[in-house]
Asker: 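Take a look at this one; I'll ask things after.
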Amino acid sequence: MSDIKIGLPDGSTGTFSDGTTVRDVVASWKQDLLASTVAAKVDQALVDTSFKLHRDAALTLVDIGSKEGLGILRHSISHVMAQAVQDTFKNVLVTIGPSIEEGFYYDFEYAETFTPEDIEKIEKRMAELVAANYSFERREMSREEAVELFRGKGESYKVELLNDLPADVKTVSIYTQGGYTDLCRGPHIPSTGMIKAFKLLNVAGAYWRGDEKNKMLQRIYGTGFATKEALADYLRVIEEAKKRDHRRLGRELDLFQVNEEAGAGLVIFHPKGMLLRYLIEEWERKEHLKRGYDMVMGPQILKADLWKKSGHFDHYRENMYFTEVDNQPYGIKPMNCLSHMLIYKSKIRSYRDLPLRYFELGTVHRHEKGGVLHGLMRVRQFTQDDAHILCTPEQLNAEIRAIADFVGYAMGIFGFEYEVELSTRPKDSIGSDQDWEMATNALEQALKDNHMSYDVNPGDGAFYGPKIDFKLKDALKRKWQCATIQCDFTLPDRFDLTYIGEDGERHRPVMLHRVILGAIERFMGVLIEHYAGAFPVWLSPVQAVIVTVTDKHIPYGQEVYRQLVDAGVRAEGDFRNEKLGYKIREAQLQKVPYMLVIGDREVESRCVSPRQRDGGNLGAIGVDEFIKLIKDKCSAYK
RNA sequence: GCCGAUGUAGCUCAGCCGGUAGAGCAACUGAUUCGUAAUCAGUAGGUCACCAGUUCAAAUCUGGUCAUCGGCUCCA
């Protein structure tokens, strides 16, 4: 921390009234403390010392490229954008405009729709405001004064925000730049002239305060960086991310389609996509059997009464599809647990039998809202690598820890990073307070025992129990929920599951719902983007393509093809009458890991010359040697 | 579901103010037999998402439906 320079005009290190120094503040800021805590502290320092310290600290942080500094810069740009919007258009009300991970946004209420041309106008006005180099002036006032100020401007959303502040908040701060004033906690950069690189990205609808019952506002997204180069880099990354969009690659690599004729959110797997899926599923089965799971399988439809018994009918009905068989109502399963419950109930269970781990690659149907469907990521029919574990309360901790380890192992195999979240009881839920507390504690304790860092998501659990979510990140930095572990004390109750304990008495088992990869479809989508379609050898639908130079090399090419296929290598032969360069290009675009060129040299020496998709060349090697290479990669999951 | 945009050949896209469709790539056919990311020539390919309406006339205007895209809400 000692190398951090504080941007005070006189180069001194200021000291706050509570004895901490500027250095302390910036150091703690760097340690990822809640930015707001530090911001509040810096603002307090401003009041205490009359240094315009917060600005300079912010400026310094922007200069050294810290996350917090960038956040401050973007927040300031959002103010400038709000001003530009109100300068350019009449009857626009401002709401909120924070910085976010990739940039910033500001939500406006405006009767008309912002068009792309409008966005250009706004950008132009913003450039003028930046050129004018207005300073950001901070002022504090009582909340009553602030209410008066914003009411006078007709900014009803700001008034609502002020009125909803906690009662103990007596004073609020406002920031003014170039005659435009916004309610804001700060901090901000010293002046608009410091904005070197920004861009407005798109307009979208967003509910006021994120509640779908509220009015829909117009949200303008933008981003900003400390330098033009950084902005250009970011835009390049966006372009690159588009290229690896799984929907595009799914078509280009001929993996799958989501066809309008078939219906929204319904995936059709093509041969290569199905092969990829098969490889993932085989991996799953092997790993589950290794870990003491039993494979089971239930039907797609079960009587509606059973869904009533489980609570799904009351709590999940709007997401379910129903059908009728012989005048009896049936529910198409949105989850796999019911069959597993019936398997458990098929016998009297002893504590000696537990834990029981039922694993099913379970295909489910959920009626997702139209607007959320997205390629393979959000679909209406998908297959979960689902398991339900029934155990004694004493076994719970070890089971949860084993699952968390399994997830970690799986993420390592597929090369993903992930974050962990613990979600607690939601409003619409079933079960006693006591059960919820026990379940939540069990999950939390297991995370602690495994020394895993996690965030808590209050109220985000399933209706039947709390859960641990594992979120991995795709190429666009979007987080996708994949693995989840859900604790359930209520289903065993509803289905009256029991086991005979050591004491000879009947006891209630505990149940865990869990998935490792989540949904195969979504996982494949994430996988496609992660590898940009260039799958590791063990997952490549085609591992090697044999390319002949001329027709006279075809007989040896077919011989090699036969040897590879017999050895279990996924090979294809490209014996078309095309130039070598043309065939190489196609194999390259299909991201095949190895291209085996067969020409005079190879026929003569009875070998192959594998060209790698990264452009490298392995030189002339024997076919056996090549087969061994592929086999080794597969067994190492490379 | 909500806000906004979009839907023309397999893909990427042209097609002004309504007069009834075009390019490049891909595909197919022929020629070419050629060493590591595109050989040349020719041919074929479209109910302009779907359904109504306005009009002498609709890819074009209006309404509805379906679907997709960017978000919001929700979620594996």
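To find a chain, count down the sequence lines: A is the first, B the second, and so on, and within it residues start at 1.
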Asker: Can you name the residues that form a side chain to side chain contact (heavy atoms under 4.5 Å, CB included) with A:Lys633, not counting sequence neighbours?
Answerer: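 Here the qualifying residues are A:Val537, A:Tyr594, A:Lys638.
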Asker: Would you mind calling B:C72 syn or anti? Take O4'-C1'-N9-C4 for purines or O4'-C1'-N1-C2 for pyrimidines, and syn is within 90° of 0.
Answerer: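 B:C72: anti glycosidic orientation.
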Asker: What is the separation between atom OH on A:Tyr594 and atom P on B:A37, rounded to the nearest whole Å?
Answerer: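 Interatomic distance, OH of A:Tyr594 to P of B:A37: 18 Å.
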Asker: With a 4.0 Å cut-off on heavy atoms, is A:Asn617 in touch with a base, just the backbone sugar-phosphate, or nothing at all?
Answerer: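 Contact class for A:Asn617: base.
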Asker: List in chain and number order the residues that pass side-chain hydrogen bond (donor to acceptor under 3.5 Å, both in side chains) with A:Gln543, two or more places apart in sequence or in another chain; answer none if no residue qualifies.
Answerer: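 Here no residue qualifies.
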Asker: Taking only the P atom of each, what is the distance from B:C51 to B:G45 in whole angstrom?
Answerer: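 Each nucleotide's P atom is 22 Å from the other's.
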Asker: Check the distance between B:C34's P and A:Ile554's CD1 and give it to me in whole angstrom.
Answerer: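 Answer to the nearest Å: 13 Å.
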Asker: State which residues pass salt bridge (Lys or Arg N to Asp or Glu O under 4.0 Å) with A:Glu586; sequence neighbours excluded, sorted by chain then number.
Answerer: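 A:Arg576.
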Asker: Please work out whether the ring planes of A:Phe463 and A:His312 are parallel, tilted or perpendicular, with thresholds of 30° and 60°.
Answerer: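 Ring orientation, 0 to 90° scale: perpendicular.
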Asker: Using atom P of each nucleotide, how far apart are B:G10 and B:G70 to the nearest Å?
Answerer: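 It works out to 23 Å between them.
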Asker: Between A:Phe256 and A:Phe269, what is the ring plane arrangement, given parallel below 30°, perpendicular above 60°, and tilted in between?
Answerer: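 Ring orientation of A:Phe256 relative to A:Phe269: tilted.
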Asker: Sticking with atom C1', work out how far B:C48 lies from B:U43, rounded to a whole angstrom.
Answerer: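 Result for the C1' pair: 23 Å, nearest Å.
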Asker: Going by atom types only, do A:Glu102 and A:Tyr234 share a side-chain donor-acceptor pair under 3.5 Å?
Answerer: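 Present: a donor and an acceptor within the cut-off.
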Asker: Any chance you could list the contact pattern along nucleotides 42-52 of chain B? Use B for base contacts, S for sugar-phosphate-only contacts and - for none, protein heavy atoms under 4.0 Å, 5' to 3'.
Answerer: -----------
Asker: Please give, in whole Å, the distance from B:G7 P to A:Asn259 CG?
Answerer: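 Roughly 19 Å, once rounded to whole Å.
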Asker: Of A:Phe523, A:Phe470, A:Tyr531, which meets ring-ring contact (aromatic ring centres under 6.0 Å, His included) against A:Phe416?
Answerer: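 Only match with A:Phe416 under ring-ring contact (aromatic ring centres under 6.0 Å, His included): A:Phe523.
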Asker: By the 4.0 Å heavy-atom rule, please label A:Asn202 as base, sugar-phosphate, or nothing.
Answerer: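 Sugar-phosphate contact only - A:Asn202 comes under 4.0 Å of backbone atoms but never of a base.
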Asker: Would you say A:Glu109 and A:Trp208 are linked by a side-chain donor-acceptor pair, where the criterion is simply a distance under 3.5 Å?
Answerer: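 On atom types as modelled, these side chains do not qualify, holding no pair under 3.5 Å.
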Asker: If we take the P atom in both B:C66 and B:A57, what is their distance in whole Å?
Answerer: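 Looking at atom P only, B:C66 and B:A57 are 29 Å apart.
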Asker: Could you work out which one of B:U36, B:C11, B:G70 sits closest to the side chain of A:Arg251?
Answerer: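 Taking heavy atoms from C-beta onward, the closest nucleotide is B:C11.
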Asker: Given atom NE2 of A:His246 and atom C1' of B:C69, what is their separation to the nearest angstrom?
Answerer: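 In whole Å, B:C69 C1' and A:His246 NE2 are 13 Å from each other.
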Asker: Quick one: is B:U68 close enough that its OP1 or OP2 comes under 4.0 Å of any side-chain N or O from A:His374?
Answerer: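 For B:U68, OP1/OP2 do not have a side-chain N/O of A:His374 under 4.0 Å.
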Asker: Only counting residues at least two apart or in another chain, list the ones meeting salt bridge (Lys or Arg N to Asp or Glu O under 4.0 Å) with A:Arg380.
Answerer: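 Per chain and number, A:Arg380 pairs via salt bridge (Lys or Arg N to Asp or Glu O under 4.0 Å) with no residue.
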Asker: Less than 4.0 angstrom from a charged side-chain N to a carboxylate O is my criterion; do A:Arg209 and A:Asp164 meet it?
Answerer: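 A:Asp164 and A:Arg209: salt-bridged.
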Asker: Name the stems with RNA chain B in them: runs of three or more consecutive Watson-Crick or G-U pairs, distances under 3.5 Å?
Answerer: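 Ordered by first number, the stems with RNA chain B (at least 3 consecutive pairs each) read B:1-7 with B:66-72, B:10-13 with B:22-25, B:27-31 with B:39-43, B:49-53 with B:61-65.
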Asker: Could you work out the separation of B:C3 and B:U65 based on their P atoms and round it to a whole Å?
Answerer: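 Here B:C3 and B:U65 have their P atoms 12 Å from each other.
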Asker: Identify all pairs in which a protein N or O lies below 3.5 Å from an N or O of nucleotides 38-40 of chain B, and state each distance.
Answerer:
| from | atom 1 | to | atom 2 | distance (Å) |
| --- | --- | --- | --- | --- |
| B:A38 | N7 | A:Arg585 | NE | 2.9 |
| B:A38 | N7 | A:Arg585 | NH2 | 3.3 |
| B:A38 | N6 | A:Arg585 | NH2 | 2.3 |
| B:A38 | N1 | A:Arg585 | NH1 | 3.3 |
| B:A38 | N1 | A:Arg585 | NH2 | 3.2 |
| B:A38 | N3 | A:Arg585 | NH1 | 3.4 |

Asker: Grab the CZ-C1' distance between A:Arg247 and B:U12 for me, whole Å please.
Answerer: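 Value for this atom pair: 16 Å.
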Asker: Give me, pair by pair, the N or O atoms of the protein and of nucleotides 72-76 of chain B that are less than 3.5 Å apart, along with how far apart they are.
Answerer:
| from | atom 1 | to | atom 2 | distance (Å) |
| --- | --- | --- | --- | --- |
| B:C72 | O4' | A:Gly205 | O | 3.2 |
| B:C72 | O2' | A:Tyr207 | N | 3.1 |
| B:U73 | O2' | A:Glu212 | OE2 | 3.1 |
| B:C74 | O2 | A:Arg378 | NH1 | 3.2 |
| B:C74 | O2 | A:Arg378 | NH2 | 2.5 |
| B:C74 | N3 | A:Arg378 | NH1 | 2.9 |
| B:C75 | O2 | A:Arg378 | NH1 | 3.0 |
| B:C75 | O2 | A:Arg522 | NH2 | 3.0 |
| B:A76 | OP2 | A:Lys467 | NZ | 3.4 |
| B:A76 | OP2 | A:Gln481 | NE2 | 3.1 |
| B:A76 | O3' | A:Gln481 | O | 2.8 |
| B:A76 | O3' | A:Gln481 | NE2 | 3.2 |
| B:A76 | O3' | A:Cys482 | O | 3.2 |
| B:A76 | O2' | A:Gln481 | O | 3.0 |
| B:A76 | N6 | A:Glu368 | OE2 | 3.4 |
| B:A76 | N6 | A:Val379 | O | 2.9 |
| B:A76 | N1 | A:Val379 | N | 3.4 |

Asker: Only one of A:His367, A:Gln381, A:Arg366 forms a side-chain contact (heavy atoms from CB on, under 4.5 Å) with A:Tyr321, so which one is it?
Answerer: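 Looking at A:His367, A:Gln381, A:Arg366, the match for A:Tyr321 under the side-chain contact (heavy atoms from CB on, under 4.5 Å) is A:His367.
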Asker: Under the side-chain hydrogen bond (donor to acceptor under 3.5 Å, both in side chains) test, which residues partner A:Glu123, sequence neighbours left out?
Answerer: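 So A:Glu123 forms no side-chain hydrogen bond (donor to acceptor under 3.5 Å, both in side chains) with any residue.
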Asker: Separation of A:Tyr105 atom OH from B:G4 atom C1', in whole Å?
Answerer: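 Taking atom C1' of B:G4 as the reference, OH of A:Tyr105 is at 17 Å.
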Asker: Does the pair A:Glu212/A:Lys369 count as a salt bridge with the N-to-O cut at 4.0 Å?
Answerer: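 Yes.
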Asker: Separation of A:Arg209 atom CZ from B:C2 atom C1', in whole Å?
Answerer: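 My rounded result for the distance is 19 Å.
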Asker: Roughly how many Å apart are B:G46 and B:C11, using the C1' atom of each and rounding to a whole number?
Answerer: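 Approximately 14 Å lies between the C1' atom of B:C11 and that of B:G46.
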Asker: Between A:His374 and A:His246, what is the ring plane arrangement, given parallel below 30°, perpendicular above 60°, and tilted in between?
Answerer: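 Plane angle between 30° and 60°, so tilted.
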Asker: Working to the nearest 0.5 Å, report the span between CD1 of A:Ile403 and CZ of A:Arg357.
Answerer: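 So the gap between those two atoms works out to 8.5 Å.
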Asker: Throw together a table of side-chain donor-acceptor distances under 3.5 angstrom for residues 89-100 of chain A, partners on residues two or more places apart or in other chains.
Answerer:
| from | atom 1 | to | atom 2 | distance (Å) |
| --- | --- | --- | --- | --- |
| A:Thr95 | OG1 | A:Asp107 | O | 2.6 |
| A:Ser99 | OG | A:Gly71 | O | 3.4 |

Asker: Can you sort out the partners of A:Thr363 under side-chain hydrogen bond (donor to acceptor under 3.5 Å, both in side chains), two or more places apart, ordered by chain and number?
Answerer: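 Here the qualifying residues are A:Thr383.
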Asker: Using a distance-only test with no angle check, is there a side-chain donor-acceptor pair under 3.5 angstrom linking A:Glu155 and A:Gln86?
Answerer: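 A donor-acceptor contact under 3.5 Å links the two side chains.
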Asker: Which residues, if any, of residues 596-606 of chain A bring a heavy atom under 4.0 Å of RNA chain B?
Answerer: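 Residues of residues 596-606 of chain A under 4.0 Å from RNA chain B: A:Val597, A:Gly599, A:Asp600, A:Arg601, A:Glu602.
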Asker: Report the distance from atom CD of A:Glu102 to atom C1' of B:G70, rounded to the nearest whole Å.
Answerer: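 In whole Å, B:G70 C1' lies 15 Å from A:Glu102 CD.
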Asker: For B:U73 and B:A58, measure between their P atoms and round to the nearest Å.
Answerer: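 One P to the other, the span is 44 Å.
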Asker: Taking only the C1' atom of each, what is the distance from B:C13 to B:C56 in whole angstrom?
Answerer: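 To the nearest whole Å, 33 Å.
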